2 protein chains.
Amino acid sequence: MINYELYKVFYWAAKTGSLSSAAKSLYLTQPSVSHAIKQLEESFGITLFYRNSKGVSLTQEGVTLYSYIEKSQILISLAEEKMAALKNLDSGELRIGGSDSLFKHYLLPFLESYHQKYPGIKLHLNHGTTPETIAFLKEGKIDLGVVRMPIVDSQLEVMMGIQLQDCFVAGAHYADLKDQVLSLESLLQYPIILFSRNSRVRMAITELFQSYGYQIKPEIEVGSVDLLIEFARKGLGISYITKEFISKELEEGSLFEIQLDLKMPPSQVGFMIMRDMPLSNAASKFIELVK
Amino acid sequence: MINYELYKVFYWAAKTGSLSSAAKSLYLTQPSVSHAIKQLEESFGITLFYRNSKGVSLTQEGVTLYSYIEKSQILISLAEEKMAALKNLDSGELRIGGSDSLFKHYLLPFLESYHQKYPGIKLHLNHGTTPETIAFLKEGKIDLGVVRMPIVDSQLEVMMGIQLQDCFVAGAHYADLKDQVLSLESLLQYPIILFSRNSRVRMAITELFQSYGYQIKPEIEVGSVDLLIEFARKGLGISYITKEFISKELEEGSLFEIQLDLKMPPSQVGFMIMRDMPLSNAASKFIELVK
DNA sequence: AGGAGATATAGACCACGTCTATGATCAATT
DNA sequence: AATTGATCATAGACGTGGTCTATATCTCCT
């Protein structure tokens, strides 16, 4: 099999029409180039160049070879440029999996500044449940997952993100609860609005009630944080929401937090990546940014 | 600059999904392949493969690189196939320059058997005058020229071909000349049909008459052997033709040779190639065949 | 005649690519 | 649990082959 380095030499010799200038381009000496061309010609058994007093020119067969090699070399050059672009993050993509609410309320500012810093990187946001996100990660469809903790999976490496505080909130309709401190039990008298069954937050709150011997059964189940907010504001019930996601509503007073006689355990956001798998440059830079 | 051999290794590793099998395909050992891939990754600063327990698989960036390298490698493979085809004459072209009459009456059987032997070789016949043919040869537009001798040109290497005998012939209209032996001078009384002014044969006959102190002025000038034959048969005059080209007409009696009181000097056909220039395999095989 | 440019050739050298040997890890056996 | 048979990674030794310097040869141009 022919040493592909020889094609590189052939390409430059043909392109420049001179072994000496090919040598310069390749940072070699002229005899090396001469030798390389000779090797190529001998391995084909075909003369590729006419040697003139002022350089070299391709034979008919040389022209034929060049028509292939030129394209091939250009592709390699493009590949090298592309790789350089990927390396310095002028190009590439970052694929993040997780929940829409975390994207919107937590990751958005990071995504914005990341995009500003590396405008060439395409961002792919892949929303799904925690198990779906883990599966995507393992299939290599995303670089990074952002979900609620805890995650226990030996294949995954988990990094702590921000700590969030979930709480029960209500709107004007339940204004009389504003000054009260409720127990978990008393809360159950009111219509509860929870996130859909397969979410991490939902599982956590269900477990919390169970640990106190109660069972929480929502009147309404919704699929987005926006609906949790909306329904609570309309007075349809008491929503269990991440406090940080509704800072605007709390401030303007359209929602208020229900005070409880126990502190709700904080919930931790985590970044997951595959353990022992190389991380793309784009992804590691993003994690750096968030940290 | 990256060693292009590494791309070859990368290609096979990516294609087979295994460093071991890439090693087999490349007749290398597995550690060599491993080392090569590592070199490539280090020079890009990008991880190209995930290492699994049952082989390797491309990272996102690896896929990007592969999309370029695959095309590039395929082109090189095609180039190598093409070169092999050129080498064993399954492909290629042979470009011959010369006069139409020599092509038709002399070269045709050789061209036929050459084509039969090497059906993949495209034949290009480039007809023109001797100076045109020489110019084409020097410009590299033809591999080989077939012309009348003598040729004196230090850049050219000339090989003798067949020896031809030119003669004067007439048709039935001049039947009374059949048994006569004419001198050059007496010939001038008859209308003479000659090949056009820029041909070798024409120059030769003109010089011959001049060397005896006569000047030959044709009544008719034509551009093809066929017309020389046709006009002579129709009785329009006496044609000066290469005897070997009209063996059929002489045999069937539609033309007869005018006997002269001197022997016409034979004319030599020669093959010209560029001196000190490599000859294509296709061309050298043709010359071999003619010899 | 001489100089400047081109490629070819010869021979020396050493870097680097390749090898062998071994380690580490994983998965599918037994 | 232990074994086997894959995989890729690492270390270090070896030797080939690519590269260099020096020189020759040729052509063209001043």
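Note that the structure is a prediction, hence the values are computed from the model and not measured. Sequence lines set the chain letters: A, B, ... in the order given, protein chains first and strands last, and positions in each chain run from 1.
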Whole-Å gap separating [atom2] ([N]) and [atom1] ([X]):
X         : N       : atom1 : atom2 : value
Tyr27(A)  : dA15(C) : OH    : P     : 21 Å
Ile37(B)  : dT7(D)  : CD1   : P     : 16 Å
Arg275(A) : dC26(C) : CZ    : C1'   : 16 Å
Tyr50(A)  : dA8(C)  : OH    : C1'   : 19 Å
Asn52(B)  : dA27(C) : CG    : P     : 9 Å
Lys38(A)  : dG17(D) : NZ    : C1'   : 16 Å
Gln30(A)  : dG18(D) : CD    : P     : 17 Å
Gln39(A)  : dT7(C)  : CD    : C1'   : 17 Å

Tell me which residues in residues 2-21 of chain B lie within less than 4.0 Å of DNA chain C, going by non-hydrogen atoms.
Asn3(B)
Heavy atoms from other residues, nucleotides or ligands near CZ of Arg197(B) exceed 12 (cutoff 6.0 Å)
no
Residue-phosphate contact under 4.0 Å: [X] side-chain N/O, [N] OP1/OP2:
X        : N       : answer
Arg51(B) : dT7(D)  : no
Lys54(B) : dG5(D)  : no
Ser53(B) : dT25(C) : no
Ser32(A) : dG18(D) : no

Verify the distance criterion only: is there a donor paired with an acceptor across the side chains of [X] and [Y] at less than 3.5 Å?
X         : Y        : answer
Tyr7(A)   : Glu80(B) : yes
Ser32(B)  : Thr29(B) : yes
Ser101(B) : Ser99(B) : yes

Relative to the 5' end of DNA chain D, which residue comes earlier, Ala36(A) or Ser34(B), by the nucleotide with the nearest heavy atom?
Ser34(B)
Nucleotide nearest Leu28(B) when distance is taken to its side chain, options dT7(C), dT18(C), dG17(C):
dT18(C)
Can the ring centres of Tyr118(B) and Tyr114(B) be said to be less than 6.0 Å apart?
yes
In terms of relative ring orientation, are Phe271(B) and Phe286(B) parallel, tilted or perpendicular, with 30° and 60° separating the classes?
perpendicular
Do Glu41(A) and Lys38(A) sit within salt-bridge range, that is, some charged N less than 4.0 Å from a carboxylate O?
no
